[in-house]
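Down below is the structure, laid out as structure tokens.
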Amino acid sequence: MLLIRCPWCGPRDETEFRCGGEAHIARPGDPQALDDAAWAEYVFMRNNPKGWFRERWVHSAGCRRWFNAERHTVTHEIRRTYKPGEP
Amino acid sequence: MTAFRLAEGGRIDRARPLEFSFDGRKFQGFQGDTLASALLANDVFLVGRSFKYHRPRGVMSAGIEETNALVAVGEGGRLDTNSRATMVELYGGLVARSLNRWPSLGLDLGAINGWFSPLLVAGFYYKTFMWPRRLWQSLYEPLIRRVAGIGEAPAQPDPDRYDKMHRHCDVLVVGGGRAGRAAASEAAAAGKRVVLCDEGDPGAIAKVEVLARTTVFGYYDDNFLCAVESDARRQKRLWHFRAKEVVLATGAHERPLVFGGNDKPGVMLAGAVETYLRRYAVAPGKRAVVFTNNDSGHERARAFRELGIDVAAVIDSREGTVITRTLGGKRVTGVEVGGSRIACDLVAMAGGFSPVVHLYSQAQGKLRWDEKKLCFVPDGCRQAVRVVGRANGEFPEYRIAPLWEVEEDKAFVDFGSDVVARDVHLAAREGFSSVEHFKRYTTTGMAADQGKTSNINALAILAGATGRNIAETGTTTFRAPYAPVSYGVLAGRDLGDFLEPIRVTPMHDWHAAHGAAFENVGQWKRPWYYGRDMHDAVQAEARSVRKSLGVLDASTLGKIDIQGRDAARFLDRIYAGTFSTLAIGRARYGLMCREDGMVFDDGVTARLGENHFHMTTTTGGAARVLDWLEEYLQTEWPELEVYCTSVTEQWATVAVAGPRAGELMKELGFQTELPFMAFKEATIAGIGARVFRISFTGELSYEINVPGDQGLALWKAVMIAGEKHGITPYGTETMHLLRAEKGFIIVGQETDGTVTPYDLGLDWAVAKSKDFIGRRSLTRPDTRREDRKQLVGLLPADPREVLPEGAQITEVDVALPRGHGSKPVPMVGHVTSSYLSPNLGRSFALALVRSGRSRRGAELFVPLQGRAAKVRVVEPVFIK
Amino acid sequence: MTHLSLRGSGERFFAACEAALGMRPPTAPNMVASAGGKALLWLGPDEWLAIGQEAAPLREALAGIHSSVVDVTSSRKSLVVSGERAEEILSKAATLDFNVGAFPVGSCAQTNIARTQGIIWRRSTQEFTIYVRSSFAPYLRAWLDDAAQV
Amino acid sequence: MKRFSAFSLLRNAFTGHEEWPPYWRSPEPKAAYDVVVIGGGGHGLATAYYLAKEHGIRNVAVLERGWLGGGNTGRNTTIVRSNYLWDESAAIYEHALQLFETLSEELNLNVMLSQRGVLNLAHTPGDVREAIRRVNANRLNGIDAEWLDAKQVKEFCPIVNISPDVRYPVIGATLQRRAGVARHDAVAWGYARAADALGVDIIQGCEVTGFDIAGGRVRGVKTSRGAIGAGRVGIVAAGHNSVLAAMAGVRLPLQSHPLQALVSEPVKPVHNCVVMSNAVHVYVSQSDKGELVMGAGIDGFNSYAQRGSFHVIEHQMAACLELFPIFSRLRMMRSWGGIVDVCPDASPIIGPLPVEGLYLNGGWGTGGFKATPGSGHVFAWTLARGEAHPLAKPFALERFTTGALIDEHGAAAVAH
């Protein structure tokens, strides 16, 4: 049971959040310009590392804000959470 | 006083005798006894039968590690089966029964398995019962099942309810022994919020919240721990802790020794014997032999003598002597040492100590094998945890030399699973030398105690058998729960009506009072139809809407207020259609797709102002759509100035539909000639309202939205005003029927996550000249295929035939085959909605059919039991 | 009591709010500004629940500023949990730390409560107001009643 | 291979079981193999077995990082069934079920297949619609399936609660009688033993750390026990497929999630079949030992930790007691987690990767165990011939580009 630090509300129980998968995948500006493979890459292909992973979370039962986290997928340690737009 | 109860001492209350029964015999114990201590005090040593061989078993321990003395306590719906007698607090009137025996504990026919024990070695079942094949399931497996298991499950539901608590603290101390109490006091003195949990009752500690009879069973990420609190009769409450720091003072478990017949009643852990003497004032024997491989055995012997047990001998393996086997049947009568025999009625095993590192290991703490103390000790953990006292391997002056096994028949390693030392050797011989393989092959560590008494001995024997040391051999992962937890406690009070919240609209009580049958739509209760008989009700409701007037509670529809400079631009990206061109005061139907191009919600959105929209969603999609909008706004397009606010519950929605709807609206005070798909703010029946002329049903229809608090008042006003028009309230079933007559889709019924807007024939709702979520996916090779499944109408050849929804469609006239072994029949689609329409005077259906649009007029078949229904493919619009 | 959902950000927004409401939306997370029966509850970095405030003057003051004011008076119902066991009962329903040191008087939080969600506002040491979506109110009321019995 | 039978067991009983040989050898890896299979779970071992048995390719190694069957093979809830909705899925799972039906004789090891029947409960009109759709599709596909109303459900499984007064009453259920459970470890050990007997090298404690790729073609693998050459390489490492594919520079549409399961203390026979419920997210059976075996839901975040969050189990248990109120005082004895790699459409990926000679069989999500024999069988064919087996073809990675997904989200009792 993770304890996740919402960048606004502070540490809250995992049950207040929803994980949105890999972070920093920008929607292509002009999808029509992409070929099928490039589009599939955006829609479906994801990194799935064993180790540190940058992922998106939303504080769905709290302030409903999306943010990013760096979490280790083996130890589950979260070394940092940060607001969208922050590197 | 009974024969084995000491005249004085112990923490029992001799002034409070308690009657209890075991296997129908009445006994007496005292307040402060456990069932185990009370049975021992009454000279009851045979308490159970073992799992596989049905060997006689007695009390072995005085704690949670007990794996022999499993009994059923209680009756009826309050039957607690497989209870450890050592953990059952005695109470007056307690009823206990022995388990896993037939016809009786004394004479158990299952013990015949013992005669076949040379056959029933580890993994025997993998090697046999294969021929003839059909006998496995008809004969062998049922036999195995009958013999296996321990107690019976209760036959009745549990009348008790259970509680849950969340607790935050600075320091959580697990274990109320000396080390735990010291740690708790110290932290409390430093001003910290401290909670201490103990399996028993450690008494009060200043400034510490002490939870007695509370067993911490799970240690999860980020110092989240779970515990179960019991009273004398049951586990009653689940605790969730979030602690800044955890102190584990969980002590150590004594290990048994592995020698012939070490499982007989009367063979006990030495520490347990001392506990029974000191704490319960019970002498579990008159004449003991102590068997040890370390210093503690000698101390125990001194204590026994002091407390009144005669010690016939201390057999210390370090001195070159061992017990090879025990004598006796249902009770130990002596031991064999070398060639000679020593008479005794109690054998105390002092095999050394294993720190209780279960929780530490669950916390992802690492363990290290200590070659001197012969045990695993904590060796570093990422989480904020400290281990103190014996749990940390801090034993008092303690010398031990390995004695893992005395090679003999019936030398038990795992008592609960009936695993003997020879099984360990067999597993090693057959290549199951990885600890995990060995565990699975022999089932070691998988019984009630989950290896608390067996794991280290088994591991050491395996190490010896495979020529490795223990550190190399490793240990299995400790997993929650440390002690078994009842399902009821885990479920807590979230049962029955609390399993999922029941959501109701402001008009709910009216519906209930007027005979509505309710449908579960997600968490909502929606009126399904009004009346006793669904068929009659729906026919009448549907007829009424088309002929005169019907009214629907549409309050559950999702509603989202969207405003901001970029609101229109935002909607253009969200919806497949264009909303920036929508005039103020007008509304438009829209489809939302996921990025993979598949339809995921639909609804009508009205433009209230230049930068202000009122969106509606499906009932089930309300929360999902708002999340979707927020996700895109916050993560993809933060530059858009748009705010979305859920107003689902702000507005109660009354939809009036039917040819008389216009008249009704006038009578309610709405004089405006509102064109189709338009919106107006107005006062209806004296209530400020938003009126939309939109239609679920294809009839002349108005959706009146008023603040939720006024919903019931509006509904009642509509009913009164509508009376002369024969207004009929209708439910979701009729709504579906009316929609289907018009070919309007229902997301989740006509769609299943694999359907595009084009598949539905809704090309008109897809803009060609702008990007929107999912657009790119619509031009992939598979989504472009001409022969995709497309929405069509079906007319059964028999106009009374209502096709089952979900039924598959074929090109050939076949009955539904038996299934197994029948030749596959290609399917071309399935029925998504199907009704008998009073307005058409016949049945009809919607379906998704491969190349459906090009099949108009064609005949297809719907295979049913024993026959196929013939259907004609038509346009999915039945009432223009 | 009117409930308004208030969204916005930036100094112009705050200034306009303050002028119209007589109080400034708190920017510290999970804090409540309250006076004279009116209150502003922090729900998010650009989101507040305004209680007891008029919509029209606020909308007027915010004209031309990126913001939204939506009447949500019927969206939620309030439940009051008060008394010596208030913290205990809430601790059965929610995972937050309700100790007054961690959850001071005058602060609020949105969280899961039993199997629904709501806003919890600590009014005093022993009194909490819960705002829950109207359709969930009967459920939550029954749940908390049940929890108070054991 | 020394044959297992009642007679051999009896004979060995007289010699104290001293004569039994190891189930499989522990060979040193050779310099090169025709085929290297990465992953010694049920799917990988089955692949190796069928390569040797049906394609005569015996110069095969199975490389296992830990111990055989230590991943999802040994962590699932042992359910086997083939009642999938779409033709493509139904075909491959039915192929697997048919192989399961003769697997004990095939491998000469009792895998304890118990065709006790699997009920999938329906609680809403929508569930009923989906159930009818699936039952009819199954039967037209030659797979046994029945629709039972609530009364028939009660007759088939007397302990299930069909009271109309619960939150989500049971309206009916689909039943596949040929479905049931099998002993998961035995499947892995049986394939290992049989493959070993045909000459396959099963190498445990051998971690793949990279690939030897030249000119767009795989030539071998780098391992913790040295480099091993390979004609073709099959990745069959449920949970870790993304990690391995990444070593070859390939990104997959997979995410690895924890999936938990738990058992109760053993009790005498009380539950005679397998019950699954999509609506309340639960599946329950009783093992031969008497434990109630229950699957929990999937955790929402990526993890390789083989452990999940506790609230998932609490939620699960409430759903379980709603269906089986008499279980309330039974106790959870052990819980554990596996790592499932899940595809966006909840269907597996079987076939070539964009590196020549490199193949993948993964993404089985929560449904891998029941597919084991079929998966191994078609993957062996695919590896042997260098082209996808007809049953595997629809499951190519390519489908994410073309859009021809096989969306089986309705098929498992967990919310993906």
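Just so we're on the same page: letters track the sequence lines, and every chain starts at 1. Being a predicted model, the structure only gives us computed values, none of them experimental.
When atom types are taken as modelled, the side chain of D:R133 and the backbone of B:V831 share no donor-acceptor pair closer than 3.5 angstrom. B:H820 contributes no side-chain N or O that, together with a main-chain N or O of D:R178, makes up a donor-acceptor pair within less than 3.5 Å. For B:Q137 (side chain) and D:Q115 (main-chain N/O), a donor-acceptor pair under 3.5 Å exists by modelled atom type. At least one donor-acceptor pair closer than 3.5 Å links the side chain of B:R145 to the backbone N or O of D:Q286.
The candidate from D:S328, D:G403, D:G290, D:P325 with the greatest count of non-hydrogen atom pairs under 4.5 Å with chain B is D:S328. Ranking B:R78, B:Q235, B:K164 against chain D, the residue ahead of the rest is B:R78, based on heavy-atom pairs under 4.5 Å. The choice from D:S309, D:G126, D:S264 that makes the most heavy-atom pairs within less than 4.5 Å of chain B is D:S264. In terms of non-hydrogen atom pairs under 4.5 Å with chain D, the most contact-rich of B:R146, B:K823, B:R784, B:Q749 is B:Q749.
Taking the side chain as every heavy atom from C-beta outward, B:V825 and D:R139 never approach each other to under 4.5 Å. B:Q523 is listed as a side-chain neighbour of D:R167, based on a closest heavy-atom distance under 4.5 Å. D:H17 has its side chain out of reach of B:F124: every pair of non-hydrogen atoms, C-beta onward, lies at least 4.5 Å apart.
For B:L426, the part lying under 4.5 angstrom from a heavy atom of chain D is the side chain only. Of the atoms belonging to D:D87, it is side-chain heavy atoms, and not backbone ones, that fall under 4.5 Å from chain B. Proximity to chain D is absent for every atom of B:M598, based on heavy atoms less than 4.5 angstrom apart. For B:P132, no part lies near chain D; criterion is any non-hydrogen pair under 4.5 Å. The part of B:H830 that comes within reach of chain D is its side chain, from C-beta onward, which places non-hydrogen atoms under 4.5 angstrom from that chain. With a threshold of 4.5 angstrom between heavy atoms, D:E130 does not approach chain B through any atom at all. Using a 4.5 Å cut-off between heavy atoms, B:W131 does not touch chain D at all. With a 4.5 Å cut-off on non-hydrogen atoms, B:Q156 touches chain D through its backbone but not through its side chain. For chain D, the nearby part of B:Q450 is the side chain; its heavy atoms alone come within less than 4.5 Å. Interface remark: B:S83 contributes backbone and side-chain atoms alike to the contact with chain D (heavy atom separation under 4.5 Å). Heavy atoms of D:P344 lying under 4.5 Å from chain B are absent altogether. Heavy atoms closer than 4.5 Å to chain B are found in both the backbone and the side chain of D:N141. For chain B, no part of D:F7 is nearby; none of its heavy atoms comes within less than 4.5 Å. Residue B:H425: no heavy atom, backbone or side chain, is found under 4.5 Å from chain D. Using a 4.5 Å cut-off between heavy atoms, B:Q865 contacts chain D through its side chain alone, with no backbone atom that close. With a 4.5 angstrom heavy-atom cutoff, B:R785 does not touch chain D via any of its atoms. Heavy atoms closer than 4.5 Å to chain B are found in the side chain of D:W86, but not in its backbone. When heavy atoms are compared at a cutoff of 4.5 Å, D:V263 approaches chain B solely by way of its backbone atoms N, CA, C and O. At a 4.5 Å heavy-atom cutoff, B:E733 makes no contact with chain D through either its backbone or its side chain. Of the atoms belonging to D:I159, not a single heavy atom falls under 4.5 Å from chain B. Heavy atoms of B:K52 lying under 4.5 Å from chain D are absent altogether. Using a 4.5 Å cut-off between heavy atoms, B:A447 touches chain D through its backbone atoms (N, CA, C, O) alone.
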Salt bridge (charged side-chain N to carboxylate O under 4.0 Å, His left out) for B:E141 and D:R116? Distances and angles first, verdict last. CA-CA 11 Å; B:E141 192 192 29; D:R116 324 166 59 70; 3.7 Å; yes

Please lay out, stage by stage, how D:F327 and B:D158 fare under the test side-chain contact (heavy atoms from CB on, under 4.5 Å). CA-CA 8 Å; D:F327 291 168; B:D158 183 359; over 6 Å; no

Just do the side-chain contact (heavy atoms from CB on, under 4.5 Å) check on B:D80 and D:R331 with the steps written out, would you? CA-CA 9 Å; B:D80 283 314; D:R331 304 184 199 101; 3.8 Å; yes

Should B:T810 and D:L140 be marked as a side-chain contact (heavy atoms from CB on, under 4.5 Å) after you check the CA-CA gap, both sets of side-chain angles, and the distance that decides it? CA-CA 9 Å; B:T810 57; D:L140 288 160; 4.2 Å; yes

Evaluate side-chain contact (heavy atoms from CB on, under 4.5 Å) for B:K127 paired with D:N12, printing each intermediate quantity in order. CA-CA 11 Å; B:K127 294 179 174 134; D:N12 277 277; over 6 Å; no

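Across D:W67, D:W20, D:Y23, a single residue satisfies ring-ring contact (aromatic ring centres under 6.0 Å, His included) together with B:Y441, and that is D:Y23.
The minimum heavy-atom distance between B:P804 and D:I132, with the atom names listed, is CB-CG2, 4.4 Å. Nearest approach of D:P125 to B:E519, heavy atoms of both residues: CG-OE2, 3.7 Å. Looking at every heavy atom in both residues, D:R129 comes nearest to B:T832 through CD-O, 3.5 Å. For D:F4 against B:M130, the heavy-atom pair with the smallest separation is O-CE, 3.8 Å. For the pair D:E265 and B:T81, the tightest heavy-atom approach, listed with the atom from each and the gap, is OE1-O, 4.2 Å. Among all heavy-atom pairs drawn from B:L119 and D:L10, the shortest one is CD2-CA, 3.6 Å.
The existence of a salt bridge linking B:R429 and D:E18 is confirmed by a sub-4.0 Å separation between a basic side-chain nitrogen and an acidic carboxylate oxygen. Using a 4.0 Å cut-off between charged side-chain N and carboxylate O, D:R399 and B:D782 make no salt bridge. Under the 4.0 Å criterion applied to side-chain N and carboxylate O atoms, D:E101 and B:R133 are not assigned as salt-bridge partners. Salt bridge absent: B:R818 and D:E146 never bring a charged side-chain N and a carboxylate O closer than 4.0 Å.
Partners of B:Y220 under the ring pair (Phe, Tyr, Trp, His ring centres under 6.0 Å) rule, at least two apart in sequence or in another chain, are D:F310.
Side-chain contact check for D:K268 and B:N100: at least one donor-acceptor pair (N or O, by modelled atom type) lies under 3.5 Å.
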